[in-house]
Amino acid sequence: MKNKLVEETINHFDTAGFQADLINWFYQEQRQLPWREDKDPYKVWVSEIMLQQTKVDTVIPYFQRFMKKFPTLDDLAEADEQEVLKAWEGLGYYSRARNLQNAVKEVAASYDSKVPENANQLGALKGVGPYTKGAILSIAYDQPEPAVDGNVMRVLSRVLSIDEDIAKPKTRKTFESAVKAIISHEDPSAFNQGLMELGAIVCTPTTPSCMLCPVQSHCRAFAEGIQQDLPVKTKAKKQKQVGYLAFLVKDGNGNYLIEQRPETGLLASLWQFPMAPLAETDEEHAAQWFSQVYGVDIKIGGQVDRIKHVFSHLIWDVEVIEATVRGGVLVRDASRFVTVEELDQYPFPVSHQKMLKHVE
DNA sequence: AACACGGGGGA
DNA sequence: TCCCCAGTGTT
C-alpha cells in the first residue's frame, strides 16, 4: 500500500467484518441482470463498457440486443462498424463502441480471441482503462484488483470518511489503494460488485438509505452523522450554448438529404440532417449558405421545430427548417439522398432522431 | 490536470 | 434547474 493516509485510515478498520457483511448482502440482494447470468469475459466486458456513465436500466435492453446481434467476441470483431454504431444508437459516448470493436479485433488477432487475463495486456486495449481492467479481472477472472468507479468512491468516502475531492483525477488512486487494502481475496468479484451495487441501491448520492445499509456498523460517516456531506466533489463549469439551423431537404422523388459526421470528435461517424452553425450564417442567408456548401439549390419552406439538446459539455439550440430541391448537384462528401424507409438503417444521434417526426 | 465526449433520470 | 451516473482518450 503506497498511500500513507490510506494506511492510517485502514489501520483500525474491521476489514474482515466489512467484507463478510458486504459480500453476504450482495449475494442476498443483488439484482438479476442479463450480464450476471454467467461470467463470460466477453459479456462482462461489453456490459462494463455500456455501463460507463450510463444507468443500469438504460443499458439492459441495449445489452440484450447487442448480445443477440453479436453473440461472441468474433462476431463483434467481424461486424461492420456502422452496424455496431446502429446497435449503440441512443446510448451516447459513441467512441465507446468504436474503441470496443477496435479492442475486440485486437484480441481476435493477437490473443486467439480470448480476453487477456494479464493486466498489462488487458489495459493496453482501446477503451479499457483502470476501471474496466479491474472490473474484468475481478468479475470474470477472480483476481483481487480494484475497480474504482463513482459508486466505489462514494461508498468508500463515507465508510472510511475520506474527504478528498473525487472530481480530481488523482483521488481515484487514493481509492484504489483503499480497495487494495480491504478487498476480499476469497471473493474479489462479489466484493467489487457489492461495492458498486451498494452505491447504486443503498449508498446513493443524495439521501442514502443508511437504515437499510448492510455495512452501517462499519461506516465512519454514519457514526459521525456526515454521510450527507460526502463525497466532496467540486462542480463542473456550465455548458456553452451553440446555435444551428438544421435542414430537412426533400428532393423531387421525396428523398431526404443526410450526411455522415467526421470520424473523430463529437458524435463521430454518426449521420445527421445537414446543419449550419448560426455563427456562419442566419435564416435570411440560409439558402445561399446551403448552396455554397452542398452545391444544391433549395427553396426554404419554413421553421417546423426548435430543438434544445443538452450534452455534458455544451448545448445545441437547433432551428429545424424544411426545404425542397430546386436544382444543382450534390458536391458534399459523405452526404446522400435516401428514401424515408432507408433512414432507419443509419445511426442518428438523439438530437436528430427528434427531427424524424417531421419526415413523411 | 483539464477537457472532450451523450444521454437519461432523479430531486 | 442542477446533479448524478459501472470512465477513457487526448492534449
Side-chain angles (χ1 to χ4, degrees), chain A residues 30-31 33-36 43-63 85 88-100 102-103 122-136 138-140 146-155 165-173 175-176 179 189 192-201 203-208 228 231 233-240 242 261-270 272 307-316 347-354:
Chain A
Q30 65 167 308
R31 295 165 290 182
L33 301 171
W35 49 88
R36 286 181 177 162
K43 292 183 192 168
V44 171
W45 186 3
V46 171
S47 69
E48 290 303 338
I49 300 297
M50 286 187 170
L51 286 162
Q52 289 172 12
Q53 305 297 314
T54 311
K55 288 293 209 312
V56 164
D57 289 339
T58 304
V59 167
I60 291 172
Y62 280 92
F63 180 82
L85 284 174
W88 211 271
E89 182 184 63
L91 204 47
Y93 282 137
Y94 299 94
S95 65
R96 290 184 295 176
R98 294 156 53 89
N99 288 339
L100 174 61
N102 176 305
L122 189 57
L125 297 169
K126 266 282 193 302
V128 180
Y131 166 75
T132 305
K133 180 176 68 175
I136 292 172
S138 62
I139 296 171
V148 174
D149 64 358
N151 281 319
V152 172
M153 289 198 283
R154 183 172 60 258
V155 169
D165 182 359
I166 67 167
K168 296 197 179 308
K170 74 173 209 185
T171 301
R172 196 196 75 241
K173 297 178 188 298
F175 285 97
E176 285 176 348
V179 171
S189 170
N192 277 346
Q193 291 189 80
L195 282 180
M196 294 188 271
E197 193 80 343
L198 192 65
I201 297 175
C203 197
T204 49
T206 60
T207 55
Q228 298 275 6
K233 184 174 187 180
T234 55
K235 52 179 182 292
K237 65 179 203 283
K238 75 171 189 184
Q239 306 100 318
K240 202 173 300 178
V242 192
R261 296 179 59 86
E263 58 183 51
T264 58
L266 184 64
L267 304 169
S269 299
L270 270 67
Q272 66 179 16
I307 291 168
K308 215 175 161 76
H309 192 81
V310 180
F311 298 86
S312 52
H313 58 303
L314 61 87
I315 299 172
W316 277 2
F348 283 86
V350 168
S351 50
H352 282 252
Q353 287 177 39
K354 294 172 186 167

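Worth saying up front: this structure is predicted, and the values here are computed from it rather than measured. Below, chain A is the first sequence line, B the second, and so on; all start at residue 1. Scope of the values below: all heavy atoms of this structure, side chains included, with no hydrogens, waters or symmetry mates.
Rounded to an integer number of Å, the gap from CG of A:Leu266 to C1' of B:dG6 is 8 Å. When the C1' atom of B:dA2 is taken as reference, atom CG of A:Asp165 falls 13 Å away, rounded to whole Å. Distance, A:Lys235 NZ to C:dC2 C1': 10 Å, rounded to whole Å. Here C:dC5 presents its P atom at 15 Å from CD1 of A:Ile201, a figure rounded to the nearest Å. Atom CG of A:Leu51 and atom P of B:dG6 are 18 Å apart (whole Å). We find that CD of A:Gln53 is positioned 14 Å from P of B:dG7, with the value rounded to whole Å. Rounded to an integer number of Å, the gap from CG of A:Asp57 to C1' of C:dC4 is 14 Å. A:Tyr131 has its OH atom 12 Å from the C1' atom of C:dC5, to the nearest Å.
Between A:Trp316 and A:His352, the ring planes lie perpendicular to each other; the angle is over 60°, past the 30° to 60° tilted range.
For the residue pair A:Gln272 and A:Arg261, a side-chain donor N or O sits within less than 3.5 Å of a side-chain acceptor on the partner. A donor atom on one side chain and an acceptor atom on the other are found under 3.5 Å apart for A:Ser269 and A:Arg98. In the model, A:Gln53 has no side-chain atom that pairs as donor or acceptor with a side-chain atom of A:Ser312 under 3.5 Å.
In terms of phosphate contacts, A:Lys233 brings a side-chain nitrogen or oxygen within less than 4.0 Å of OP1 or OP2 of C:dC5. Phosphate contact (OP1/OP2 of B:dC5, side-chain N/O of A:His313, threshold under 4.0 Å): present. Considering only side-chain N and O atoms, A:Ser95 lies nowhere under 4.0 angstrom from the phosphate OP1 or OP2 of C:dT8. Within the structure, a side-chain polar atom (N or O) of A:Arg154 is placed less than 4.0 Å from OP1 or OP2 of C:dC5. The side chain of A:His309 places no N or O atom within less than 4.0 Å of a non-bridging phosphate oxygen (OP1 or OP2) of B:dG6.
Looking at heavy-atom distances under 4.0 Å, A:Gly199 makes no contact with the nucleic acid at all. A:Val128 comes within 4.0 angstrom of sugar-phosphate atoms only, judged by non-hydrogen atoms across all strands, and of no base. Using a 4.0 Å heavy-atom criterion, one finds that A:Arg36 contacts the bases of the nucleic acid, with or without backbone contacts as well. Within 4.0 Å (heavy atoms only), A:Leu91 reaches at least one base atom of the nucleic acid.
With C:dC5, B:dC3, B:dC5 as the candidates, the nucleotide lying closest to the side chain of A:Lys237 is B:dC3. The side chain of A:Lys55 sits closest to C:dC4 out of B:dA11, C:dC4, B:dG7. Considering only side-chain atoms of A:Thr132, the nucleotide from B:dG6, C:dG7, B:dG8 that sits closest is C:dG7. In the set B:dC5, B:dA11, C:dC4, the nucleotide with an atom closest to the side chain of A:Thr206 is B:dA11. Here C:dT8 is the nucleotide among C:dT8, B:dG6, C:dC4 with the atom lying nearest to any side-chain atom of A:Gln52.
Distance noted for atom C1' between C:dT10 and B:dG7: 22 Å (whole Å). A distance of about 16 Å separates the P atoms of C:dT11 and B:dG6, rounded to the whole Å.
A donor-acceptor pair under 3.5 Å is formed between the side chain of A:Glu197 and the backbone N or O of A:Arg31.
Comparing A:Ser312 and A:Asn99 against DNA chain C, the residue whose closest nucleotide sits nearer the 5' end is A:Ser312. Nearest-nucleotide assignment on DNA chain C puts the 5′-proximal partner with A:Val56, out of A:Gly127 and A:Val56. Taking the nucleotide of DNA chain B with the nearest heavy atom to each of A:Lys168 and A:Tyr94, the more 5' of the two is matched to A:Lys168. Comparing A:Thr207 and A:Pro169 by the nucleotide of DNA chain B whose heavy atom lies nearest to each, the residue mapping closer to the 5' end is A:Pro169.
Under 3.5 Å, the side chain of A:Tyr93 and the base of B:dG6 form at least one donor-acceptor pair of N or O atoms. With hydrogens and angles ignored, no donor-acceptor pair under 3.5 angstrom links the side chain of A:Ser351 to the base of B:dG6.
A salt bridge does not link A:Glu48 with A:Lys43: every distance from a Lys NZ or Arg NE/NH1/NH2 to an Asp or Glu carboxylate oxygen is 4.0 Å or more.
Heavy-atom neighbours of A:Lys173 NZ from other residues, nucleotides or ligands within 6.0 Å: at or below the threshold of 12.
Pairing partner, B:dA1: C:dT11, with both Watson-Crick or wobble hydrogen-bond distances short of 3.5 Å.
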